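Here's the structure we're looking at; comments come further down.
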Amino acid sequence: MMQVAEIVVDVPTMQTNRPWTYLIPKSLINILVPGMRVVVPFGNSNRQIQGFVVTVHESTETAQLKPVISVIELNPVLTPELIQLGNELANRNFVFMVSMYQAMLPNVMRAKYSKQLRLNQPDALKQPEVQAMFADRDLVDFNAGDVDMALLPALKAYQQQGVLDVVYQVDNRAKVKLVRMITPLLSTNEYDQLRHALRATAKKQARLLTYLMKLGSNPQSTTQFEKQAGVTANDIKVAAQKGWVEIEEVEAYRIPKLVEPIKQTTPLTLNSEQQDAYDQIVAAVNGQTNHVFLLEGVTGSGKTEIYLQVIAQVLSQNRTALMLVPEITLTPQMVHRVKGRFGSMVAVMHSGLSDGERYDEWRRVKRHEAQVVIGARSAVFAPLDNIGIIIVDEEHESSYKQEENPRYHARDVAILRAKYHNAVVVLGSATPSLESRARAQRNRYTLLRLTHRALANPLPTSEVVDMRDVIKQGGDDIFSDQLLKKIGDRIDRNEQSVLMLNRRGYANFLMCRQCGFVPMCPNCDLAMTVHQDTKRLECHICGANQPIPNECPMCGSDRIRPYGTGTQKVEEQLQIRFPNARIIRMDVDTTRKKGATDRLLTQFGQKKADILVGTQMIAKGLDFPDVTLVGILNADTTLNLPDFRASERTFQLITQVSGRAGRADKKGEVVIQTYNPQHYAIALAKQQDYERFFSKEMQIRHTWRYAPYYYSVQIKISHQFENQVAKAAYQLVEWLRNKIADDTIIFGPAPTTVRRMKNRYYYQILIKFKHDTGLEKALTELMADAQNLSKDGIQLAIDREPVSLI
DNA sequence: AGCACGCCGACT
DNA sequence: GTCGGCGTGCTC
């Protein structure tokens, strides 16, 4: 009998996507436990790679097992829960286990590998070129790039003779920050005596002793000590040598800085609707019953306050809380709100943190020093134990789905984790996803509705302006008279306006007015987008860019200029009409720099501007009391996208932006400009009637057999040549047809909306199904085949429940 | 992925 | 005859 470990190795391929059995050497018995990162030999050259221990057990296996080389850290990084969750998600989403584990951990835990050549017998080295390589050292980094390929045979021969060794290295980038702390060892009296005994010339030592007397027995970091005592590192070293103080290295956290200090907040009184929702959630929390609530509440109905009070309740039971918000709403204001209630119990996890900060926040959670985690998508994997509540705010947001491998949906993961912990999930939204709302309809989730705003101020009144009439009457295609008049009123009354330009699927491109030429990306079938800040044309798919030409490359005319409406143009036109208005523009160009978004919003909040013009990014989370007008300049560009969720997205967007108007005692107004005023998504968004939108949209989904009535899987397939993809895609569909259930529907293959991206042609296949084990099996098989296909240059991606079909 | 093995074409 | 090109297959 011997101790063995099942280990998932860091080789993301289908053939290696399973645990491998390793021998646990004597020295690691009782040390090695599941969830640990280890270094193991792998392959016939025994290169060293990172692995994750998934189980430890006894075995009588006679096969020759290789031993684990070492453990990377003494504490496991994955809990049994996360190991199991990783496997489940890997299976479900057609990704590799190891990719899933890595996605659960801070970036720094992704191993970096290096390879070196070690010289054992310098005397045996005869070839001059190889001698030169080793010149005066016996360890050389071996990167294919900087070692002369011609030397390869010689190096190999030396290796076989034992003159050289190939050394593989797994670099652990998870580094703990250390701070040198200085601890006084003597009493104030003793320091005083020492100081009197000093020679008159020992000025620095005297200063050091005086400061030590002041410090008492408190330890202090050496950097702070040096600064405050006015001494150097060497003075401290001398003091330590004399036994006056002790210096030791202590772990420190890199804590993300906040711009403003946290103000402590206290719970607000809940209104009866809030109280009712709170009571139901807390009853489930107290009963430790795994249950999902859908909290449907209009903007301003006080969902966040309910979240905070439920979290407080969970914490009082010594359990922990996880709160997910979309990256875009994870603003300093939001962090302040949560930290203001729970202080240092909170860990924040979002993309703005440095690798070191993120690692440290992760460790604080892991060590139970933080009991509340607030974060964006990937925070759903926070290493919390004993979770009592998981909140998914703005649950309809598509950014909860990770659209690259490893694909996962944070909302689904939240529900899985809650099941494990017997915890409660609260999905919150003013405009729930059809999927979630439908589950509430069938009582899988409990629907909780908040129909009033918490501060009893009325919802804004909305007006839909038919832009077709405006154009017919010779009006402007950006601003209707109705909107302009209302903006003017606001300026007169010293109130603020927010104008949103819906730019999704609608970019600003260049067109020659003479010949109609539009500059296209050389690598993608897509018009290039104009960026005025950099004065360049840029492709939004591959990033290719070039200067804006002064004349048309086709016909030489100088009448080549931007087409369509950009935020810049809106700003210009607005300034012409209201010369004295102060305007802030927020779009990708003005918010590119780090912190720019916060700065602009703060300015607007301090009423340093009358009008805020922006794209989708202004739709969420803004809360300014003096905004009494919201204008949506082109409500319907999202409506025309070839995606079954186009109506849902449009409805959500309009509803959200409308919610920005009139939050305090002032009543708000919303102007929705559109070419489709009769469209139900627009008409119902005007009325803020989510429930009617839901039933109407459900009928349409039913008719067309889309989610939530059907599950879906999208297969995207690409190749450098169009005829090759097409052929492979048709073959794939033929192959699939024999394996699927009768009521499963295959759409396509069809070229994607943008046929060519990054010089590759794309086809997509959409599969709609109810319940189909044959399909599931076929897709897993397909994942294995993908590797063979890639030899022919074909790339393939399987996406369960795609959030975008474009 | 990354490495070794092995089977064919261009050379001393 | 051999060297080395890359296709094929395996990794506890």
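Below, chains carry the letters A, B, ... as their sequence lines are ordered, and counting in each starts from 1. Source: prediction; values computed, not measured.
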request  = Applying side-chain hydrogen bond (donor to acceptor under 3.5 Å, both in side chains), run through A:Tyr420 and A:Gln84 and close with a yes or a no.
outcome  = CA-CA 10 Å; A:Tyr420 182 94; A:Gln84 192 207 321; 5.6 Å; no

ask   = Any chance the rings of A:Phe644 and A:Tyr710 have centres within less than 6.0 Å?
value = no

message = Going 5' to 3' along DNA chain B, which are the first and last nucleotides with any atom under 4.0 Å from a heavy atom of chain A?
response = B:dA1 to B:dA4

note = A:Leu65 CG to C:dT11 C1', in whole Å, measures 13 Å

request  = Starting from P on C:dT11, measure out to CG on A:Leu23 and report it in whole angstrom.
outcome  = 18 Å

Pick base, sugar-phosphate or nothing for [X], based on heavy-atom distances below 4.0 Å to the nucleic acid.
X	result
A:Gln15	base
A:Ser45	sugar-phosphate
A:Tyr22	sugar-phosphate
A:Phe96	nothing

query = Are side-chain heavy atoms of A:Ser351 and A:Glu327 found at a separation under 4.5 Å?
reply = yes

For nucleotides 7-9 of chain C, list the nitrogen or oxygen atoms of the protein found under 3.5 Å from its nitrogen or oxygen atoms, one pair per line.
none

request  = Fit a plane to each ring of A:Tyr400 and A:His409, take the angle between them on a 0 to 90° scale, and name the class: parallel (under 30°), tilted (30 to 60°) or perpendicular (over 60°).
outcome  = tilted

message = Ring-plane angle category for A:Trp362 and A:Tyr359, please: parallel below 30°, perpendicular beyond 60°, tilted otherwise.
response = parallel

task = Without swapping roles, check the side chain of A:Tyr711 against the backbone of A:Arg800 for a donor-acceptor pair under 3.5 Å.
result = no

remark   = Sorted by chain and number, sequence neighbours left out, salt bridge (charged side-chain N to carboxylate O under 4.0 Å, His left out) with A:Glu435 holds for A:Arg645

Residues A:Glu361 and A:Arg364 bridged, charged N to O under 4.0 Å = yes

